[in-house]
Visitor: 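Below is one structure. I have some questions about it.
This one's a predicted model, so the numbers in the text were calculated from it and none came from an experiment. All values below were derived from every heavy atom in this structure, side-chain atoms included, with hydrogens, water molecules and symmetry-related copies excluded.
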Amino acid sequence: YSFKDYNYPNANTVVKGSKKKVRFKTDDNKTVHISEMPFGSAVRVYSMNGKMLKTAFPSGSETEITLPAGYYLISVSNNNSFNSSSIAIK
């Protein structure tokens, strides 16, 4: 698993938004942990050819998404900010 530019397994990537830094992290169970999201954020998972695969509207500042092996773009957005990270799950 790796994040942002396909770094090393279990990488912890901080993506800068307008005022908030959203954190993306993976574990060994192919689960993406997203934390420090702004209130009211939408989380969207896209395939690398642009197809939206999942959408979630977490009620808090953290969520988890389990994905099969592949390459993805995950975006976290609300009215005031947009954050994204590309990931590879092996």
Visitor: Less than 4.5 Å apart, any side-chain heavy atom of Val32 and any of Ile89?
Guide: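 SC-SC contact between Val32 and Ile89 confirmed.
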Visitor: Could you walk me through whether Asn78 and Phe39 pass side chain to side chain contact (heavy atoms under 4.5 Å, CB included), step by step?
Guide: CA-CA 8 Å; Asn78 69 6; Phe39 177 76; 5.9 Å; no
Visitor: Looking only at non-hydrogen atoms, find the nearest pair between Lys54 and Thr66 and report the distance.
Guide: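 Taking Lys54 first and Thr66 second, the nearest heavy atoms are NZ-O, 2.9 Å.
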Visitor: Quick check for you: to the nearest 0.5 Å, what is the distance between Phe57 atom CZ and Thr63 atom OG1?
Guide: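 One gets 12.0 Å once the value is rounded to the nearest 0.5 Å.
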Visitor: Please report the shortest heavy-atom distance between Lys90 and Ala69, naming the atom on each side.
Guide: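 Scanning both residues, the minimum pair turns out to be C-CB, 3.9 Å.
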Visitor: Please report the interatomic distance OG(Ser61) to CD1(Ile34), rounded to the nearest 0.5 Å.
Guide: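 Answer rounded to 0.5 Å: 11.5 Å.
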Visitor: Looking at Leu73 and Met48, what are the two nearest heavy atoms and their distance?
Guide: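 Reported closest heavy-atom pair: N-SD, 4.2 Å.
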Visitor: Could you check whether any side-chain heavy atom of Leu53 comes within less than 4.5 Å of a side-chain heavy atom of Tyr72, counting everything from C-beta outward?
Guide: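 The answer is yes; the side chains approach within 4.5 Å.
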Visitor: Decide yes or no for Val22 and Pro38: does some side-chain heavy atom of the first lie under 4.5 Å from some side-chain heavy atom of the second?
Guide: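 A side-chain contact exists here, since the closest heavy-atom pair is under 4.5 Å.
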Visitor: Given side chains that start at C-beta, do those of Val45 and Thr55 come closer than 4.5 Å, heavy atoms only?
Guide: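 No, too far: nothing below the 4.5 Å cut-off.
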Visitor: When you compare the side chain of Pro58 with that of Val43, does any pair of heavy atoms fall below 4.5 Å?
Guide: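 Heavy-atom side-chain distance check passes, below 4.5 Å.
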Visitor: Measure the OG-CE distance between Ser77 and Met37 for me, rounded to the nearest 0.5 Å.
Guide: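 One finds 10.5 Å between OG of Ser77 and CE of Met37.
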Visitor: Can you see which heavy atom on His33 is nearest to which on Thr26, and at what distance?
Guide: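 Result for this residue pair: CD2-C, 4.3 Å.
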Visitor: Between atom CG of Leu67 and atom OG of Ser47, what is the distance when rounded to the nearest 0.5 Å?
Guide: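 The distance works out to 11.5 Å.
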Visitor: Can you tell if the side chain of Tyr71 reaches within under 4.5 Å of the side chain of Ser86, non-hydrogen atoms only?
Guide: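 No, side chains not in contact.
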Visitor: Go through the steps to decide whether Phe24 and Val76 satisfy the test side chain to side chain contact (heavy atoms under 4.5 Å, CB included), and finish with yes or no.
Guide: CA-CA 10 Å; Phe24 298 84; Val76 176; 4.0 Å; yes
